[in-house]
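Reviewing the structure listed below.
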Amino acid sequence: YEKWEKSGVFSCDPASNKAPYTIMMPPPNVTGSLHMGHALNTTLQDVLVRYHRMKGDDTLWQPGTDHAGIATQMVVERQLAEKQIVRGRDLNREQFLEKVWEWKEHSGGTIVNQMRALGATPDWKRERFTMDEGLSRAVRKVFVQLYKEGLIYRDKRLVNWDPKFHTAISDLEVENKEQKGKMWHIRYAVEGEIASYITVATTRPETLLGDTAVAVHPDDERYNDMIGKMVYVPIADRLIPIIADEYADPEQGSGAVKITPAHDFNDFEVGKRHDLPMINILDVNAHLNENVPEAYQGMERFAARKKILVELEELDALVGEEDVKNAIPYGDRSGVVIEPYLTDQWYVDTPTLAKPALEAVRSGETVFHPKQYENMYFRWLEDQQPWCISRQLWWGHQIPVWYAEDGTVFCEETEEEAQAAADQHFGEAGVVLTRDEDVLDTWFSSALWPFSTLGWPDKTPELEKYYTTSVLITGFDIITFWVSRMMMMGIHFMGEVPFKDVYIHALVRDSKGQKMSKSKGNVMDPLELIEEFGADALRFTLTAMAAQGRDIQLSNDRIKGYRNFCTKIWNAARYAQMNGCELDENFDPANVEYTPNQWIISALKDAKTNLEKGIENYRFNEAANAIYSFTWGTFCDWYLEFTKPLLQGESEHTDEIKQTTAWVLDQILTLLNPMMPFITEEISGKMLTAAAWPEYSESLGNNAAREEMDWLIAMISQIRSVRADMNVPAGAQIDLLIKGASETTKSRVQTYAEIIQRMARIVSIDYTDETPKGAVQTVVGEATLMLPIADIIDLDQERARLNKEIGKLEADIQKIDQKLGNEKFVANAPAEIIEEQRTRREAAESTRDKLAGALKQLG
RNA sequence: GGGCGGUUAGCUCAGCGGUAGAGCACUUGCUCGACACGCAAGGGGUCACUGGUUCAAUCCCAGUACCGCCCACCA
């Protein structure tokens, strides 16, 4: 691997006039380690990159890692906790960040080195990190510009609050889990009336302490006369109004709903419409705060719920309880229940930015493969809520905003610029400014990846040449987090889409179809698999299983199968080498004369075409299968066997066979290099990674040769099949008699007599017009093949075999007759289809007649 | 609740208008000098179900049934 890296083949060259081919590597978490998803993702990118590099494109595969805000801060905090060190208490912000950087330096190289073990060839010299200086500058610039354009703003609204990490998180980082819960019905007493109540239902009774209204539907007759009245909130003993709002669904529960604007997203909207007070009853830990009765202050939220229920019961306010299923929001990182929480946060106006991003995919400027994922993209972007980008963390890009004492906001790229702006604003020097403490959502910097890594905001040659990258390779789970945001940012800041194609690959699951996860203990470690089967086997397996639109269920057996393929190639190469097949520089595949040589070259050309089509259409499985079946099923199984004696002996064809064998093998190795870089180079002894992709002339390929070899394969296969069916011992040498052979057949038999004899285990070949007693028969084309094996033949068995064959043919003929007998078919079907049916019928009939004759003779 | 996808050989999956395919597993036979991580020959499928379009449907359309996944505020 080092050889490759030192050679500089990975490097792009913006100065060259070669066409660019660019892939942005999805940056893995800097402190992470390689899992199967990465292995698949990396392999597919590497296959594409190697292919295009060999094709002569100026290839840039841009590598890098992500600082992964919450995840990384979490890991470091946990480590510090083991040493009884607490962020904030024992370490200030600066000291803490120092620890994080230390950790990053310490464990940051793991994943990229693991990618090297896989054989990945990105341009490592250009490796970037989302927190390095250049990318941070891009982040600041983007933030300031969006702020000045009004596309970033600060707002006080409900956010998803993580009580464990004490930060806001975005909608996407919330995971809703369906759970069994309870719904409680609670009655609120109406003010000034005796025994008059309104009943509301809730799954979160503790929030009643923050209720500021009860809402009913304006058209709900049951409650018409109650609108405007006041009710007592139990326990809190506050008076709140009954209001009319269409949000209340008469069909739902009692038709009356409690409104807690500070702790529920819907209620928040209702609260705004009715100008209700918003009572926040929680602190950052989701413990109850000073706005609740003293007995509850400082209580943990779920403990408070229990206590509330007990007290409601005592007050006779709890009038019902039912089992329900409901979706509970959890933080995807912290695993704790998320609280809607009222705070000031920064937002990106994604509803606005989404519009051009949607249009770019609708118009086909960017195309998803497989296409159906565009639906996911559309659905997500069409329904954009403002993106909450501020996080109350320390690890990340600090928001470039400074506040004056009176709260005036100065958003600039540097502190100096902010100071200058403030001084000018207030008309005095040295205004005291405080920087916003929050950092940005990790995905904010990720969204800039396609241009920030190329040097933006500078106008670099790289940016000029490689932007609008060729393709993005990623998993579907990240379309919303990353792809859509890169589209929005890319279009806004570069004026062009960030990639032409987006290939969405499958999720790697275990052999039972389970998602791999540490808690299930079913993770397969790519490094262990590389250790056991080799990187090439793993790469080839992943490539061969990467069919579009389906998950990959990976099993060791499958990898083992492809490991065997590696061994097979290895053995074929050893065989070629042992027999003195050496690549001749002057060998011209178009000039070979020996038919099997023409044939194998022609078949290679087909395989290459299919391989290329597969790669170019992102049908990696088809690409892998094309080269696999050619190599094993055609080259090894037939070609090497056909040519064995001539190769090893002396004949007029020997030299040409040696050269052809060496050349085809070399081509196979070259074509396989993108998928199996290690073994192909080891065998060939050349640095194929830097080799040119083979190009064949249009005219290469010989149909006559293919027809002839198909015939030869049929001859051998037929005889082998009959032998096996009739239990002729494998070692037994028998005679072959041919009846009704055409001149062509005779001439072919003569040419390939040795091959037929050797591969079908035949002693002699003769022609006859008669059928000897006790011969088993089969048909190839116009000729009937007879194997006189009277001493071992079992007549009943032969009768049964022939009957079975005849039966198959008759069924076939009958089916075709049905079609041909259908007037509408003859009238409407294309001529060549009809012709094909006729030809097939004739062939089947002729074979059947011959076999029927054979059957008759058996008596 | 909304959306997307799946249902093809024992298993894992390709194919997606004109004779049902692969790998693995299985059966049988092979110490035929590259390879037993191999060679050869086999068995095994009303392509989920019901209708429709078509000369022709595993493939297109509609519906049904299961199974996944994603999104969603039902108090």
Side-chain angles (χ1 to χ4, degrees), chain A residues 171-172 176 183 185 200-204 207 215 247-249 251-260 264-269 324 326-327 329 340 370 372-373 375-376 378-380 383 476-477 479-480 507 511-513 515 533 537 541 544-545 547-555 557-558 560-579 619 621-622 625 628-629 633 636-637 640-641 644 648 716-717 720-725 727-731 758-761 812 815-816 819 822-830 832-834 836-837 840 844:
Chain A
D171 295 348
L172 274 180
N176 286 303
M183 171 115 75
H185 296 260
V200 297
T202 181
T203 54
R204 304 192 52 199
T207 61
Y247 165 67
D249 180 355
E251 307 291 312
Q252 205 69 49
S254 63
V257 56
K258 63 195 259 329
I259 301 294
T260 321
D264 181 284
F265 288 98
N266 289 308
D267 293 3
F268 180 74
E269 297 301 322
V324 290
N326 55 348
Q372 76 240 23
Y373 283 109
N375 286 322
M376 193 189 259
F378 290 145
R379 270 184 54 79
W380 164 248
D383 188 32
F476 76 91
D477 49 332
I479 291 176
T480 47
L507 201 70
S511 57
K512 291 180 198 117
K515 206 165 166 172
F533 301 107
T541 306
M545 294 185 79
Q548 288 196 356
R550 254 220 228 201
D551 288 347
I552 293 179
Q553 294 196 35
L554 194 62
S555 71
D557 279 351
R558 202 66 196 251
K560 206 190 285 175
Y562 289 112
R563 188 268 322 266
N564 296 351
F565 180 51
C566 297
T567 312
K568 185 76 182 179
I569 298 169
W570 184 265
N571 283 313
R574 196 178 64 170
Y575 162 80
Q577 195 202 358
M578 267 166 39
N579 289 291
R619 295 186 175 271
N621 57 325
E622 289 177 17
N625 284 334
Y628 177 95
S629 66
C636 289
D637 286 351
L640 292 184
E641 295 302 328
K644 208 167 253 180
Q648 293 171 338
I716 295 167
S717 299
R720 280 173 170 176
S721 175
V722 172
R723 286 179 64 121
D725 278 354
N727 300 323
V728 178
R758 175 168 43 89
M759 293 180 71
R761 316 230 105 199
D812 208 21
K815 230 162 98 184
I816 297 170
K819 272 192 181 175
N822 182 344
E823 276 173 40
K824 283 180 182 167
F825 171 72
V826 182
N828 292 320
E832 72 245 34
I833 297 292
I834 298 170
E836 191 194 309
Q837 297 289 325
R840 255 178 52 204

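The chains referred to below are lettered A, B, ... by the order of the sequence lines, with proteins before strands, and numbering in each begins at 1.
Using a 4.0 Å heavy-atom distance criterion, A:Asp249 is classed as a base contact. Using a 4.0 Å heavy-atom criterion, one finds that A:Glu832 contacts no nucleic acid atom at all. Note on A:Ala248: a base of the nucleic acid sits closer than 4.0 angstrom, heavy atoms only. Contacts of A:Arg379 with the nucleic acid, taken as non-hydrogen atoms under 4.0 Å apart, include base atoms. Residue-level contact check: A:Arg720 touches the backbone only, with heavy atoms under 4.0 Å from sugar-phosphate atoms and none from bases. Using a 4.0 Å heavy-atom cutoff across all strands shown, A:Pro729 reaches no nucleic acid atom at all. Backbone-only contact: A:Asn822 has heavy atoms under 4.0 Å from sugar-phosphate atoms and none from a base. Residue contacts shown for A:Arg558 include a base, since a base heavy atom lies under 4.0 Å away. Contact annotation for A:Glu823: no contact, since no heavy-atom pair falls under 4.0 Å across all strands. Within 4.0 Å (heavy atoms only), A:Cys636 reaches at least one base atom of the nucleic acid. Residue contacts shown for A:Arg723 are absent, as no nucleic acid heavy atom lies under 4.0 Å away. Nucleic acid contact class of A:Ala829 (heavy atoms, under 4.0 Å, all strands): base. Within the nucleic acid shown, A:Gly255 comes within 4.0 Å of at least one base atom, counting heavy atoms only.
Closest of all the heavy-atom pairs between A:Arg204 and A:Thr207 is O-OG1, 2.8 Å. Closest non-hydrogen pair, A:Ala248 versus A:Ala215, comes out as CB-O, 3.6 Å. The two residues A:Gln837 and A:Phe825 have their closest heavy-atom pair at CG-CZ, 4.1 Å. Residue A:Ile834 comes nearest to A:Val826 through the heavy atom pair CD1-O, 3.4 Å, listed as atom of the first residue, atom of the second, then distance.
The separation between A:Glu641 atom CD and B:G38 atom P is 15 Å, rounded to whole Å. Going from atom CG of A:Asn727 over to atom P of B:U28 covers 12 Å, rounded to whole Å. Note: CG (A:Asn571) to C1' (B:G33) measures 13 Å, nearest angstrom. Computed from coordinates, the A:Ile479 CD1 to B:C71 P distance equals 11 Å when rounded to whole Å. Rounded to an integer number of Å, the gap from A:Ile833 CD1 to B:G17 C1' is 10 Å. We find that CZ of A:Arg204 is positioned 13 Å from P of B:C74, with the value rounded to whole Å. If you measure from atom NZ of A:Lys568 to atom P of B:C37, you get 12 Å, rounded to the nearest angstrom. Separating the OH atom of A:Tyr373 from the C1' atom of B:C4 is a distance of 9 Å, rounded to the nearest angstrom.
Side-chain proximity of A:Phe476 to B:G18, B:A41, B:C70: nearest is B:C70. With distances taken from any side-chain atom of A:Asn176 to the nucleotides B:A72, B:U19, B:C32, the minimum falls on B:A72. Considering only side-chain atoms of A:Ala572, the nucleotide from B:C55, B:A34, B:A41 that sits closest is B:A34. Nearest to the side chain of A:Arg563, among B:G18, B:A75, B:C37, sits B:C37. Each of B:A34, B:G5, B:G18 was ranked by its minimum atom distance to the side chain of A:Met578; first place goes to B:A34. Across B:G18, B:G15, B:C4, the shortest atom-to-atom separation from the side chain of A:Pro830 is found for B:G18. Comparing atom distances between the A:Phe825 side chain and each of B:U19, B:G18, B:G23 picks out B:G18 as nearest. Distances from the side chain of A:Ser721 to the nucleotides B:C69, B:A41, B:G5 place B:A41 closest. Checked against B:A75, B:A20, B:C4, the side chain of A:Val257 finds its nearest nucleotide in B:A75.
Side-chain N/O atoms of A:Asp557 and base N/O atoms of B:C24 include no donor-acceptor pair closer than 3.5 Å. Judged by atom type and distance alone, A:Arg758 does not reach the base of B:C32 through any side-chain donor-acceptor pair under 3.5 Å.
In terms of position along RNA chain B, the nucleotide closest to A:Lys644 lies nearer the 5' end than the nucleotide closest to the other residue of the pair A:Trp380 and A:Lys644. When the nearest nucleotides of RNA chain B are assigned to A:Asn375 and A:Asn564 by heavy-atom distance, the more 5′-ward of the two goes with A:Asn375.
Counting non-hydrogen atoms of neighbouring residues, nucleotides and ligands closer than 6.0 angstrom, the CD atom of A:Gln577 reaches no more than 12 such neighbours.
Between the A:Ser629 side chain and the A:Asn625 main chain, a donor and an acceptor come within less than 3.5 Å of each other. For A:Arg761 (side chain) and A:Pro729 (main-chain N/O), no donor-acceptor pair under 3.5 Å exists by modelled atom type.
Across B:U8 and B:A22, the matching C1' atoms stand 12 Å from one another, rounded to whole Å.
With a cut-off of 3.5 Å on both Watson-Crick or G-U wobble distances, the partner of B:G23 is given as B:C11. When both distances must be under 3.5 Å, the Watson-Crick or G-U wobble mate of B:C4 is B:G68.
Residues A:Tyr628 and A:Tyr562 place their aromatic rings such that the two centres sit under 6.0 Å apart.
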